[in-house]
Amino acid sequence: MGEAIGFIGVGAMGGPMCKRLIGAGYEVTAFDPNSSALDVIVSAGAKRAGSTRELADSVEVIFVSLPTPPIVKAVAEEAMQGSKLKLLIDLSTTGPRAAQDIGEMLNSNGVEMLDSPVSGGVGGAEKGTLAVMVSGPEAHWEKWKPALQAIGHNAFFVGETQGHGQMMKLINNLLSATAMVASAEAFALGAKAGLDPDVMVNVINAGSGANTAVRDKFPKSILTRTFDYGFRTELMYKDVKLCLEEAEAMGTPMWVGQPVKQWWSLALARGGVTEDFSNIMRYVEEQAGVEVRTRKNDPKP
Ligand code: NAD
């Protein structure tokens, strides 16, 4: 049997990442207050923990994948009281200042941290192709590299400065969020001008406008009108907001970032916290007075 580890937060991302660790031979014990999410992981071979504290009393290393910085902090606070815990590996997106704050809190209680946010969506988590951006003590990176590579074969060590992995992630996601709204505007214009959205996807993906929104999100969840990509609008908004806060704190202009945030703010206000972020297209369509959908299933004239 492989090394014993803990995993907390087995949701859209945490579930498949946890399964990859089980598949890589780790002996995983998991906790999530959502019992149906936990059931899935237990049937994939994990042991069930009754609470964060119970888990931190039984393993030295815990991975977490949780929605927001306050939740990560609350879970870390409970975990550091555990009698066995020595290292927390945070796969969530929290932003650098939260990572530094949580890291200091853990350190003063004898627990170390790697902040290791991920990029690549639920599909990447299932396939193990995520980009993982790791910062913290290098010795822990060396030791846990095989596990982090099981989660994402593109695992990068960003440096020892706590929070640099998070900074990297916010920059990446600002670009991803920008590509999504800019592409939504561009597709609304094209559809209104009479272009076929499927043709637009093919051309842009072969041309210099290529980006991950047009490559992955438009064909899978927008043109099909399924709006089910697997990332909630509230999380996209959180990432953009955290990035702009960092830019402001550092006196770095982000003039393009401001209207990008406005779009996500509108999507959040309209769609609420549980809606998938691909619905941004519907709010752009409302402004443009057009619908962007595949014509593949249309009856032949
Ligand atoms: P999710 O809501 O699907 O999963 C989070 C899980 O945490 C849920 O199962 C929830 O029950 C659990 N949880 C909540 N509060 C808890 C607590 N106090 N103790 C223990 N467990 C608790 O969210 P997700 O989409 O999996 O995102 C997780 C993190 O990964 C976020 O920080 C997000 O920004 C980041 N992320 C998500 C994606 C994506 O495509 N979904 C991609 C990259 C990064």
Could you state the interatomic distance from [atom1] ([X]) to [atom2] ([Y]), rounded to the nearest 0.5 Å?
X: K73; Y: T68; atom1: NZ; atom2: OG1; answer: 12.5 Å
X: L242; Y: T94; atom1: CG; atom2: OG1; answer: 7.5 Å
X: D196; Y: K296; atom1: CG; atom2: NZ; answer: 9.0 Å
X: K261; Y: L268; atom1: NZ; atom2: CG; answer: 11.0 Å

N/O donor-acceptor pairs under 3.5 Å from side chains in residues 138-159, not counting sequence neighbours:
| unit_1 | atom_1 | unit_2 | atom_2 | d |
| --- | --- | --- | --- | --- |
| H140 | NE2 | E112 | OE1 | 2.8 |
| K143 | NZ | E3 | OE1 | 3.4 |
| K143 | NZ | E3 | OE2 | 2.8 |

Minimal non-hydrogen separation, [X] against [Y], with atom names:
X: A76; Y: I102; result: CB-CG2, 3.7 Å
X: V201; Y: P219; result: CG1-CG, 4.0 Å
X: F187; Y: V214; result: CE1-CG2, 3.8 Å
X: A267; Y: I280; result: CB-CD1, 3.8 Å
X: D198; Y: L223; result: OD1-CD2, 3.4 Å
X: F227; Y: D276; result: O-CB, 3.3 Å

Could you tell me whether the side chain of [Y] reaches within less than 4.5 Å of the side chain of [X], counting heavy atoms only?
X: D239; Y: L174; answer: no
X: S116; Y: M133; answer: no
X: V40; Y: V10; answer: no

Under 3.5 Å, side chain of [X] to main-chain N/O of [Y], donor-acceptor pair present?
X: D115; Y: Q166; value: yes
X: K47; Y: A30; value: no
X: T161; Y: H164; value: no
X: N211; Y: G209; value: yes
X: E60; Y: L87; value: no
X: S176; Y: N172; value: no
X: K192; Y: A288; value: yes
X: T233; Y: E275; value: yes
X: K238; Y: T93; value: yes
X: D101; Y: M105; value: no

>> Checking Y26 against R20 for the side chain to side chain contact (heavy atoms under 4.5 Å, CB included) test, could you report, in this order, the C-alpha distance in whole Å, the side-chain angles of both residues, the deciding distance, and whether it holds?
In response: CA-CA 9 Å; Y26 292 93; R20 293 212 49 98; over 6 Å; no
Is there a path of hydrophobic side-chain contacts, each under 4.5 Å between heavy atoms, that joins [X] and [Y]?
X: L175; Y: M254; value: no
X: L244; Y: M250; value: no
X: L266; Y: W264; value: yes
X: W263; Y: V273; value: yes
X: L170; Y: M168; value: no

>> Can you tell me which residue among E248, E104, E246 is in a salt bridge (Lys or Arg N to Asp or Glu O under 4.0 Å) with R97?
In response: E246
> Does NZ or CZ of K220 come closer than 6.0 Å to the centre of the six-membered ring of Y229, within 45° of the ring's axis?
Replying inline: yes
>> Parallel, tilted or perpendicular, judged at 30° and 60°: which one describes the rings of F231 and F277?
In response: perpendicular
> What's the verdict on side-chain hydrogen bond (donor to acceptor under 3.5 Å, both in side chains) for T226 and T224, showing C-alpha distance, side-chain angles and the deciding distance?
Replying inline: CA-CA 5 Å; T226 50; T224 54; 2.9 Å; yes
>> side chain to side chain contact (heavy atoms under 4.5 Å, CB included) for K19 and E126? Distances and angles first, verdict last.
In response: CA-CA 8 Å; K19 278 189 191 162; E126 284 163 355; over 6 Å; no
>> Salt bridge check, E286 against R270: does any charged N sit closer than 4.0 Å to a carboxylate O?
In response: yes
>> Please evaluate residues V284 and E185 with respect to the criterion side chain to side chain contact (heavy atoms under 4.5 Å, CB included), reporting the C-alpha separation (whole Å), side-chain torsions for both, the decisive distance (0.1 Å), and the verdict.
In response: CA-CA 6 Å; V284 176; E185 289 181 349; 4.2 Å; yes
>> Before you tell me yes or no, could you show the steps for M17 and S65 under side chain to side chain contact (heavy atoms under 4.5 Å, CB included), namely the whole-Å CA-CA distance, both residues' side-chain angles and the distance that decides it to 0.1 Å?
In response: CA-CA 9 Å; M17 291 194 282; S65 177; 3.6 Å; yes
>> Using the side-chain contact (heavy atoms from CB on, under 4.5 Å) definition, which of the options L91, V64, D32, I89 pairs with F7?
In response: L91
